[in-house]
Protein chains: 2
Amino acid sequence: MDLPNNTIDRVCRIFGCLESLEERQVDFVSSKDLAQAIGTTNDTIRKDISLLGVTGYTRKGYSVVSLKKELGQTLKLDKKRKACIVGLGRLGTALLDYERFKQDGFEIVAGFDNSINKLERIKTHIDVFAISEMENIIAQKSIELGIITVPANNAQEVADELIKAGVSGILNFSPEKIVVPKEIIYLDMDFTSALRFIAARFITNKLRKSRVA
Amino acid sequence: MDLPNNTIDRVCRIFGCLESLEERQVDFVSSKDLAQAIGTTNDTIRKDISLLGVTGYTRKGYSVVSLKKELGQTLKLDKKRKACIVGLGRLGTALLDYERFKQDGFEIVAGFDNSINKLERIKTHIDVFAISEMENIIAQKSIELGIITVPANNAQEVADELIKAGVSGILNFSPEKIVVPKEIIYLDMDFTSALRFIAARFITNKLRKSRVA
DNA sequence: TTGTATCTGTGAAATAAATCACGGATATAT
DNA sequence: ATATATCCGTGATTTATTTCACAGATACAA
Ligand SMILES: NC(=O)c1ccc[n+]([C@@H]2O[C@H](COP(=O)([O-])OP(=O)(O)OC[C@H]3O[C@@H](n4cnc5c(N)ncnc54)[C@H](O)[C@@H]3O)[C@@H](O)[C@H]2O)c1
Ligand SMILES: NC(=O)c1ccc[n+]([C@@H]2O[C@H](COP(=O)([O-])OP(=O)(O)OC[C@H]3O[C@@H](n4cnc5c(N)ncnc54)[C@H](O)[C@@H]3O)[C@@H](O)[C@H]2O)c1
């Protein structure tokens, strides 16, 4: 399949909205509501959804349950995926215990750190390991996603190890940019860039649009 | 000024690269290097930079120092801005003490929580306040940016209060989408959406492109 | 039952963005 | 000194994405 990049981004956000609508037992949602929630127009939402081949109901909108199901199936967002966190400092341990990930289909099944000290002190119900065990554990547990929360200086080396160990996707929380082979799906969660994006828009007063993390 | 949205996003990321290049005392950087770092092509980088009116040097690239200075001035990324964090739980306290923000020009000058208990127990050098004081403190300290780290259920109410108190930009870490008036610059840092974006790209094998947070 | 206000679905048109392609410069090597 | 490999700058071109516009549908109100 070949979807616009922006569509993929929006669909992932839409999926999150659907999740919360489903919880609140809302039956139908209009393109307009979704548009407002994720910051775009109803035209765009309808186009996105129609690209995915899902149809709604006149005068009612989309069935929350079945839209979620369809989007989930098409983009395999319904598939459970395993992830690990590398770097168990302040941010890494917060993420380790963030239960929401599991509910959203991403199960954190391992944490890694290179400090034995840290490893001994951490209290969490997730298994934590020395960095030297990474390759084994990732293979053994079939971990697909690596989340990087080590200091900036170590981000590239950790990325290289994760890739060597076999992950397919990387989410990087360090402020340092990482270079990966093109078959690896990689995304930065750079908080400073996000704040800068907001600040820059104070100047260039354009309409809000979704921004791919 | 009226820059493409994507350009703004990329420039913010480029700015981060320049920061680290500057630290490492690198004098020049090519469009190709920057492209690789942020995941795009050299054409696009050159176009972006030329839209900002900055020029480089044949056969050498761009002067790291002066490119950073120019981008900083044009998009006011060099201006120091004050921010506050609302919700001092696991994530909020980690962000509160994240020194890098200050170095990047975003100074966290206040934290807010509605639990007196939490407020008393927190140890940090940043001033923390009860939520009831928010309006006063934000005005008094001229805080422009609000960072939301409260549970999803409370995100909208906190956003409303932040806006009422006068912030111009909001960065939301809760998974719940928030609706804001269009003059407020707003961005989600939705970790689950980011993981989904990666997962979705396992399926739709497109080239990596930058994704606006 | 009849109107009317919504909503979707979708080609067409308009915008926006990315690529291409190549001229002009100039470090660097020989 | 000359050749060569880079690297920028930028119109032109192509591609991608959004927006428009309007034809169905149909819930809902009167
Ligand atoms: N703390 C925040 O709020 C925050 C916010 C945004 C970004 N970040 C970024 O996230 C990353 C982590 O931040 P933090 O505050 O948690 O830092 P931290 O120093 O508290 O934690 C880093 C952890 O990584 C471990 N580590 C270092 N090198 C390693 C390696 N090679 N292999 C495995 N583990 C290694 C350390 O032992 C430590 O436990 C940093 O890059 C930081 O810039 C943090
Ligand atoms: N912990 C993580 O790693 C993580 C990761 C991604 C997203 N998030 C999101 O970030 C948010 C915070 O997560 P957390 O784990 O830190 O939660 P937490 O429960 O540890 O902290 C939430 C804090 O917000 C305060 N609070 C609640 N309602 C408030 C209100 N109306 N006004 C002011 N303060 C209020 C609480 O007292 C508490 O201190 C949540 O929305 C969560 O989904 C967290």
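Letters A, B, ... are given to chains in the order of the sequence lines, protein chains preceding strands, and every chain is numbered from 1.
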So which protein nitrogen or oxygen atoms get under 3.5 Å of nucleotides 13-15 of chain C's nitrogens or oxygens?
none

Inset, instruction - Apply the test side-chain contact (heavy atoms from CB on, under 4.5 Å) to residues A:Ser30 and A:Asn42: give CA-CA distance (whole Å), side-chain angles for both, the deciding distance (0.1 Å), then the verdict. - result: CA-CA 8 Å; A:Ser30 69; A:Asn42 55 349; over 6 Å; no
Under-4.0 Å side-chain N/O to phosphate OP1/OP2 contact, [X] with [N]:
X	N	result
A:Thr44	D:dT19	yes
A:Ser31	C:dT8	yes
B:Asn6	C:dA18	yes

Legend entry - A:Phe101 and B:Phe191 aromatic ring geometry - parallel, tilted or perpendicular at 30°/60° bounds: parallel
Legend entry - Aromatic plane relationship, A:Phe28 with A:Tyr57 - under 30° parallel, 30 to 60° tilted, over 60° perpendicular: perpendicular
Atom [atom1] of [X] and atom [atom2] of [N]: how far apart are they, to the nearest Å?
X	N	atom1	atom2	result
A:Ile49	C:dC7	CD1	P	14 Å
A:Lys47	C:dA12	NZ	P	11 Å
B:Leu34	D:dC7	CG	C1'	13 Å
A:Arg10	D:dT17	CZ	C1'	8 Å
A:Ile45	C:dG9	CD1	C1'	15 Å

Inset, instruction - Take atom NZ of A:Lys141 as the centre, draw a 6.0 Å sphere, and report whether it contains more than 12 heavy atoms from other residues, nucleotides or ligands. - result: yes
Legend entry - Flag if over 12 foreign heavy atoms under 6.0 Å of CD, B:Gln25: no
Legend entry - Residue pairs fulfilling salt bridge (charged side-chain N to carboxylate O under 4.0 Å, His left out) with at least one residue in residues 70-79 of chain B, sequence neighbours excluded: B:Lys79-B:Glu144
Inset, instruction - Using the closest heavy atom to pick a nucleotide of DNA chain C for each, name whichever of A:Ser50 or B:Thr41 lands nearer the 5' end. - result: A:Ser50
Legend entry - Salt bridge flag under 4.0 Å for residues A:Asp9 and A:Arg13: yes
Legend entry - Nucleotide of D:dA21, D:dG11, D:dC7 approaching B:Ser30 most closely (side-chain heavy atoms): D:dC7
Legend entry - Side chain to side chain, B:Asn153 and B:Glu176, heavy atoms closer than 4.5 Å: no
Inset, instruction - Specify the residues of residues 55-65 of chain A, ordered by number, for which at least one heavy atom lies under 4.0 angstrom from an atom of DNA chain C. - result: A:Thr55, A:Gly56, A:Tyr57, A:Thr58, A:Arg59, A:Gly61, A:Tyr62
